[in-house]
Number of protein chains: 2
Amino acid sequence: MRYPEEHKDAVRSRIVEEASRALRKAGIDGVSIPALMKRAGLTHGGFYAHFENRDELVAEAVRFAANETGAGVFERARSLDEALGAYLSAPHVDAPEAGCVVAALGAEGPRQSAPVRRAFAWAARGLIDLVQQKLAPGRERARPSDEALEVTARMVGAVVLARLVDDEALGRRLLAVARRT
Amino acid sequence: MRYPEEHKDAVRSRIVEEASRALRKAGIDGVSIPALMKRAGLTHGGFYAHFENRDELVAEAVRFAANETGAGVFERARSLDEALGAYLSAPHVDAPEAGCVVAALGAEGPRQSAPVRRAFAWAARGLIDLVQQKLAPGRERARPSDEALEVTARMVGAVVLARLVDDEALGRRLLAVARRT
DNA sequence: CGCATGAGATGATGGCCATCATAGCGAACG
DNA sequence: CGTTCGCTATGATGGCCATCATCTCATGCG
């Protein structure tokens, strides 16, 4: 059938968005192309009309997730404390599918193909830059400050550990100590 | 053939050790049972004589890796600074297969089956305890101090990010700023 | 009003996987 | 010195995967 003008772009976006959530939830190897397409309301056949291969979708999903975190956690916050409050929160720990892609999938990044690795490097760098921006608003810097790097490392590590320890009280403490500025 | 007394135990240990490295390198879903057995010098058939199923091996490999990090990085170090120097080092970043399992596979932990999750929780808790021990040697504590939690989070996050950024200079800086005590 | 178009569906291919049943063989034990 | 035991190999099973060739058919265009 002949579809309306921007139909294909809209469908592609929906695939990327759904994939972004599904991958953060189940891991990069945790969801098959048929499953991803079904989540977007399609069958697996049309996949290669939208993407060169699986990695192209994964890379795009990583970039989508990075933008989502930027918009949801950082642009919304008016101070670093506010951003840290959102990032280092129980809802974030409990909902990796809607959370930071670096914390959810970062450890898998270095093992991926070059295009996916590039997407991850971009996401990591973006996270550092967002922290830097909240740390010293307005001021533009050629490279992130030591403090921005340290805060970012603490944030990511605290979320990874809080998800891992399987001990709610300890998880809360991990988030709380990482919130100090 | 009838094998020498402790043959089976030795083979099992070799499988666990090899699996521990292979999994840290390629991810939890990145190595098949046939591949794991071949690394141990065997064929896939005997696997189920040693392990109930794949997850049992994964859980054991996680515990093995955690012990290895404890012995290699922490027991060897005589101060927290020394331990941080080893953990937050380029060799560690460049060799995940011989490094901390929390940094290499932690993000995959929450998605695993219950036995594997338990192994990861144990590994994470163990890492925190090792930090605590170096932080206040000798003193026994019922629960880790705030500072131990913060240092551990910073360590893990810094290694994850350093592996991700694909920028050697930035990676070095991430390690350096996390080394501050 | 009918036809060309192209997004999406159907279905096939070849490969790899976890798991298991069974067979073989060689050292240890009698 | 023969028998037995049990560790490991061989091979099968059923399932799922990424990728691709081909078909369908509704719709926008002429």
Side-chain angles (χ1 to χ4, degrees), chain A residues 1-20 22-23 25-62 105 108 111-117 119, chain B residues 1-20 22-23 25-62 105 108 111-117 119:
Chain A
M1 49 177 155
R2 201 134 183 180
Y3 284 79
E5 192 60 27
E6 311 140 346
H7 180 82
K8 194 171 180 180
D9 285 354
V11 169
R12 184 189 161 101
S13 299
R14 206 171 67 235
I15 298 172
V16 170
E17 184 175 338
E18 287 294 333
S20 169
L23 291 173
K25 181 176 202 139
I28 290 183
D29 299 329
V31 203
S32 68
I33 288 175
L36 288 171
M37 292 297 275
K38 185 177 281 183
R39 283 178 68 107
L42 302 172
T43 58
H44 65 278
F47 181 82
Y48 291 89
H50 291 283
F51 305 94
E52 187 71 27
N53 50 45
R54 194 181 192 277
D55 278 346
E56 188 181 320
L57 170 59
V58 173
E60 205 145 327
V62 167
L105 302 178
E108 303 182 50
R111 299 191 284 269
Q112 305 299 316
S113 69
V116 177
R117 281 207 312 275
Chain B
M1 51 173 154
R2 198 134 186 181
Y3 284 79
E5 191 61 26
E6 309 140 348
H7 181 80
K8 194 171 181 180
D9 285 354
V11 169
R12 184 188 163 103
S13 299
R14 204 171 69 235
I15 297 172
V16 170
E17 183 174 338
E18 287 295 332
S20 168
L23 292 173
K25 179 174 205 141
I28 290 181
D29 299 329
V31 203
S32 68
I33 288 176
L36 288 170
M37 291 295 276
K38 186 178 282 184
R39 283 178 68 106
L42 302 173
T43 58
H44 65 277
F47 181 83
Y48 291 90
H50 292 283
F51 304 95
E52 187 71 27
N53 50 44
R54 193 180 192 281
D55 278 346
E56 188 182 318
L57 170 59
V58 173
E60 204 145 329
V62 168
L105 303 178
E108 302 181 52
R111 300 192 284 270
Q112 305 300 315
S113 68
V116 177
R117 282 207 313 276

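Every chain is numbered from 1, with letters handed out A, B, ... down the list of sequences.
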A.B. asks: Taking the side chain from B/N53 and the backbone from B/E56, do they hold a donor-acceptor pair closer than 3.5 Å?
C.D. replies: yes
A.B. asks: Between atom CE in B/M37 and atom C1' in D/dT8, what is the gap in whole Å?
C.D. replies: 8 Å
A.B. asks: Considering only nitrogen or oxygen atoms on both sides, find all protein atoms under 3.5 Å from nucleotides 12-18 of chain D and state each distance.
C.D. replies:
| unit_1 | atom_1 | unit_2 | atom_2 | d |
| --- | --- | --- | --- | --- |
| D/dC17 | OP1 | A/S32 | OG | 3.2 |
| D/dA18 | OP1 | A/R54 | NE | 2.9 |
| D/dA18 | OP2 | A/I33 | N | 2.9 |

A.B. asks: Using a heavy-atom cut-off of 4.0 Å across all strands, would you classify B/A49 as base, sugar-phosphate, or nothing?
C.D. replies: base
A.B. asks: Given side chains that start at C-beta, do those of B/V31 and B/L23 come closer than 4.5 Å, heavy atoms only?
C.D. replies: yes
A.B. asks: Please state how far atom NE2 in B/H50 lies from atom C1' in C/dC20, giving the value in whole angstrom units.
C.D. replies: 15 Å
A.B. asks: Between atom CG in B/L42 and atom P in C/dC25, what is the gap in whole Å?
C.D. replies: 18 Å
A.B. asks: Just wondering, do B/I15 and B/L42 contact through their side chains at under 4.5 Å, heavy atoms?
C.D. replies: yes
A.B. asks: List for me each residue that meets side-chain hydrogen bond (donor to acceptor under 3.5 Å, both in side chains) alongside B/R39, sequence neighbours excluded, and say none if there are none.
C.D. replies: B/E18
A.B. asks: Using atom NZ of A/K38 as one end and atom C1' of C/dA9 as the other, report the distance to the nearest whole Å.
C.D. replies: 13 Å
A.B. asks: Roughly, in whole Å, what's the span from CZ in A/R12 to C1' in C/dG8?
C.D. replies: 16 Å
A.B. asks: Could you check how far CG of B/L36 sits from P of C/dT19, rounded to whole Å?
C.D. replies: 12 Å
A.B. asks: Considering all heavy atoms of both residues, which atom of A/G27 and which atom of A/L105 are nearest to each other, and what is their separation?
C.D. replies: CA-CD2, 3.9 Å
A.B. asks: Could you state the CG-P distance from A/D9 to C/dG8, rounded to the nearest angstrom?
C.D. replies: 11 Å
A.B. asks: Say whether, by atom type as modelled, one donor and one acceptor occur between the side chain of B/S20 and the main chain of B/V16 under 3.5 angstrom.
C.D. replies: no
A.B. asks: Please report, rounded to the nearest Å, how far the C1' atom of C/dG8 is from the CZ atom of A/F51.
C.D. replies: 14 Å
